[in-house]
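Residue numbering restarts at 1 for every chain, and letters A, B, ... go by the order of the sequence lines. Only a predicted model underlies this, so the values are computations on that prediction, with no experimental measurement involved.
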2 protein chains.
Amino acid sequence: MRKITIKDVARNAGVSIAAVSYVLNGKENKVSQDTIARIHESIKDLNYIPNMTARGLVKNTSELIGVIIPQTEDHKQLVFENPFYSEMISAIEGVVRDYGYHIILAGVDKGKTYLDISTSRNLDGAIIMGIYSEQLYEECKLANIPIVLIDSYVHDNDFAKVGIDDELGGYLATKHLIDNGHRNIGLVTGMIRKDGVVEKRFLGYKRALQEAGLFYNSDYVFENSVSYVHGRNSGSLIASKFPEITAIFATADMVAFGVIRGIKESGKEVPGDVSVIGFDDISMANIFLPPLTTVKQQISLKGETAAKLLIEQIRNKRGVKNQGDRTEIPLEVVERETVRKLTK
Amino acid sequence: MRKITIKDVARNAGVSIAAVSYVLNGKENKVSQDTIARIHESIKDLNYIPNMTARGLVKNTSELIGVIIPQTEDHKQLVFENPFYSEMISAIEGVVRDYGYHIILAGVDKGKTYLDISTSRNLDGAIIMGIYSEQLYEECKLANIPIVLIDSYVHDNDFAKVGIDDELGGYLATKHLIDNGHRNIGLVTGMIRKDGVVEKRFLGYKRALQEAGLFYNSDYVFENSVSYVHGRNSGSLIASKFPEITAIFATADMVAFGVIRGIKESGKEVPGDVSVIGFDDISMANIFLPPLTTVKQQISLKGETAAKLLIEQIRNKRGVKNQGDRTEIPLEVVERETVRKLTK
DNA sequence: TTGTAGGCGTTATCAC
DNA sequence: GTGATAACGCCTACAA
């Protein structure tokens, strides 16, 4: 069963190839009403579907958008265990589809894989989630396509960025704890890297402490991977060795889940003995028991925004150059059941 | 900055275009060692990256694999909130990448979108997750590319299928409850559709009941969407109106989470008052508190298997036609803390 | 308004 | 061994 091409519809409609191409591309003013009708009919008859590959070759576009995702180090699997990413991708796919694009999902290995996929697939644009090496950013520039970075603080005007005010988020979380009467507040977090979201949250944590006249104690920060197990380890460590800590700010919900587990395993209660606040508000946060108090970032909105920004850039290719702005999605703490008000 | 092509490489190396193409495609026996070396050097020099689009046009392949995902009805968002899918996609992406393919992620709207994407993008193959209408399957056949269905029981030898023995899973879950002394066992589940996974699990539930000489009571099955909220509603309903029910089989972990929440909200305990067993063993199952007893399907393995099967089919295009086999991933119940042994 | 023809980057067939 | 050159399916001047 041969694939049917523009030629077939041309023949079937008794017109030229060019005519078909015209109506396919909306240049209908170049074609008579009669021809248009005949062509449309043929298209329907033959069930013709344009070949994007061929089109892409000549128009030098692909209607394809790359979504690049962090790689877990060990597994060479996408970091999908964290539902955070799935929610965002889902959102991205939604808007992108509305505009007629499709998504290519790809992890990036070591080496220059990114540039590879970008140019070999002729991507129209890309969304990059999470933080990467400088090298990746350099590659991206070479690729020379619109790119929007999610959650990156890289100082570079070549990329549009969407994210949140992580410093504020850290501040909000910590302040919420302070407002509830807590004074010795632990921080359980992933690696604090320069210009990473985690660092900002950490900074917010310190600011809230300082503003409240509280002493920042570096013994109270438990820094490791942003993972459930790290949370769990830290939780039990805190519960057993740091009885003075009455509240914990975990810089990701997944970590918070671990913290709570660890605490409970050490025979203490949340929020009875120690309060916990998370970060992200992934959908599990409200499903977990007890429901997690956390600072909510609107994950879907973030994805949508990134997608829209990207498409805008793609469409305005010739237009104004992107300014490197960072558009920020609002934040709010949502109170559920893991933070207790300290009376006394 | 013009994109550099095979032509540039040829010129730079002082050889013909054909020669370059040869070494690019491993037909090195047709080219002298010297030429090969010069070409490789030029490639590196110029940082040449082949254009898959052009290649695809002539070879009529794309090295692209479609991953089609169910659509939630309301939101037009991928059904990604269920981490189940993310885990699988992650697995798929991993193996597919190893073989040099990329993944196009797409939800399918109403209408014939699937065929569209498949032929317009010239997909080399596709993986379809979940259950769809007959119409979709018909479309797929028209597309005429290798397709593997995940979790489908469609009677059709044109597709390879990978899944699990859902009937057995349902049986195992229910039997586990029975073995722990429970006699009045509720079933909380998504819609029971003919040939759907849920129906099979339902059948397994009934078989276990029957085998144990237990009465099947249709009042005890709570059928609605496979969602957290449905679980929650059913949980509280059961806890308040069906005190005789001491155990519940929820046909998905997400539902089980809801059930547990509902039960607790009605002032009862899990597993103290009522036991709950889930299905899937998504990663949250072990993170949830209490850790969920559930029947584990190896989600990643399922994705990997599907991907490998598909690639095999793609590679053997000329070879044996797929037999429509359904390869099944083993199942096991993993005991955690939501099922209590009834002594009485 | 319509059709012809060149070209997008590659591959592959044939001569040389 | 090597190199023209005709496809692949489509778009778009340009000419008719």
Side-chain angles (χ1 to χ4, degrees), chain A residues 1-40 42-43 46-64 100 116 118-124, chain B residues 1-40 42-43 46-64 100 116 118-124:
Chain A
M1 185 199 86
R2 228 185 76 272
K3 211 162 283 180
I4 66 153
T5 78
I6 200 175
K7 249 183 214 162
D8 301 311
V9 326
R11 191 174 333 113
N12 182 290
V15 302
S16 80
I17 296 181
V20 179
S21 180
Y22 287 145
V23 338
L24 247 35
N25 292 285
K27 303 192 201 305
E28 311 208 333
N29 56 321
K30 312 198 76 177
V31 176
S32 77
Q33 285 305 318
D34 184 51
T35 318
I36 294 181
R38 290 231 298 290
I39 291 177
H40 274 136
S42 291
I43 288 181
L46 273 47
N47 216 305
Y48 167 74
I49 298 172
N51 180 330
M52 303 283 288
T53 309
R55 178 180 303 186
L57 189 55
V58 22
K59 305 239 293 194
N60 197 30
T61 82
S62 60
E63 319 275 290
L64 238 31
D116 278 19
S118 155
T119 86
S120 76
R121 294 292 183 190
N122 218 309
L123 299 184
D124 285 358
Chain B
M1 186 200 84
R2 227 185 77 272
K3 212 163 284 181
I4 67 152
T5 78
I6 201 176
K7 250 182 213 163
D8 302 311
V9 179
R11 192 176 329 114
N12 183 289
V15 301
S16 80
I17 294 182
V20 179
S21 179
Y22 285 144
V23 341
L24 247 36
N25 292 285
K27 304 193 203 303
E28 309 208 334
N29 56 322
K30 312 199 74 179
V31 176
S32 76
Q33 286 304 319
D34 183 52
T35 320
I36 294 180
R38 291 229 300 288
I39 291 177
H40 275 136
S42 291
I43 288 181
L46 272 48
N47 217 303
Y48 167 73
I49 297 173
N51 180 330
M52 304 283 289
T53 309
R55 176 179 303 184
L57 188 55
V58 25
K59 306 238 297 193
N60 196 31
T61 83
S62 60
E63 319 276 286
L64 237 32
D116 278 20
S118 155
T119 87
S120 76
R121 293 292 182 188
N122 218 307
L123 298 185
D124 285 357

Strictly by modelled atom types, are N12(B) and S42(B) linked by a side-chain donor-acceptor pair under 3.5 Å?
-> yes
Has the side chain of Y22(B) got a donor or acceptor atom sitting under 3.5 Å from an opposite partner on the base of dG3(D)?
-> yes
More 5' along DNA chain C: K59(A) or K30(A), using each one's nearest nucleotide?
-> K30(A)
Any side-chain donor paired with an acceptor under 3.5 Å for S32(B) and D34(B)?
-> no
Quick one: L24(B) CG to dT10(C) P, roughly how many Å, whole number?
-> 8 Å
Any side-chain N or O of T5(B) under 4.0 Å from OP1/OP2 of dG9(C)?
-> no
Do any N or O atoms from the side chain of T35(A) and from the backbone of V31(A) form a donor-acceptor pair under 3.5 angstrom?
-> no
Just how far, in rounded Å, is P of dG9(C) from CG of N25(B)?
-> 17 Å
Closest to side chain of N51(A), choosing from dT12(D), dG9(D), dC8(C) | dG9(D)
On DNA chain D, nearest-nucleotide positions of K27(A) versus I17(B): which is more 5'?
-> I17(B)
Hey, does V15(A) reach any base, or is it just sugar-phosphate, or nothing, if we go heavy atoms under 4.0 Å?
-> sugar-phosphate
Rounded to whole angstrom units, what separation is found between the CG atom of N60(B) and the P atom of dC10(D)?
-> 11 Å
Reckon S21(B) has a side-chain N or O less than 4.0 Å from the OP1 or OP2 of dT11(C)?
-> yes
Reckon N122(B) touches a base, only the sugar-phosphate, or nothing at all at heavy-atom distances under 4.0 Å?
-> nothing
Would you tell me if any nitrogen or oxygen in the side chain of S32(A) comes within less than 4.0 Å of OP1 or OP2 on dT2(C)?
-> yes
Would you please confirm or rule out a distance under 4.0 Å between OP1 or OP2 of dT2(C) and any side-chain N or O of T35(A)?
-> yes
State whether R55(B) places a side-chain N or O below 4.0 Å from either non-bridging phosphate oxygen (OP1 or OP2) of dG9(C).
-> no
Quick one: on DNA chain D, does M52(A) or Q33(B) contact a more 5' nucleotide (nearest heavy atom)?
-> Q33(B)
Would you say the side-chain atoms of S62(B) pair up with the backbone N or O of N122(B), donor to acceptor, closer than 3.5 Å?
-> yes
Criterion side chain to side chain contact (heavy atoms under 4.5 Å, CB included) on D8(A) and Y48(A), from CA distance to verdict | CA-CA 9 Å; D8(A) 301 311; Y48(A) 167 74; over 6 Å; no
Can you check the R11(A) CZ to dG3(C) C1' distance for me, whole Å?
-> 16 Å
Rounded to whole Å, NZ of K3(B) lies from C1' of dT10(C) at a distance of 15 Å
Whole-Å gap separating P (dT10(C)) and CD (E63(B)) = 14 Å
Starting from C1' on dC10(D), measure out to CD1 on I4(A) and report it in whole angstrom.
-> 14 Å
Rounded to whole Å, the CG-C1' distance (N29(A) to dT2(C)) equals 13 Å
Do side-chain atoms of N51(A) reach the backbone of T53(A) as a donor and acceptor pair under 3.5 angstrom?
-> yes
Could you check which of dG3(D), dC10(D), dT2(C) has an atom nearest any side-chain atom of A54(A)?
-> dC10(D)
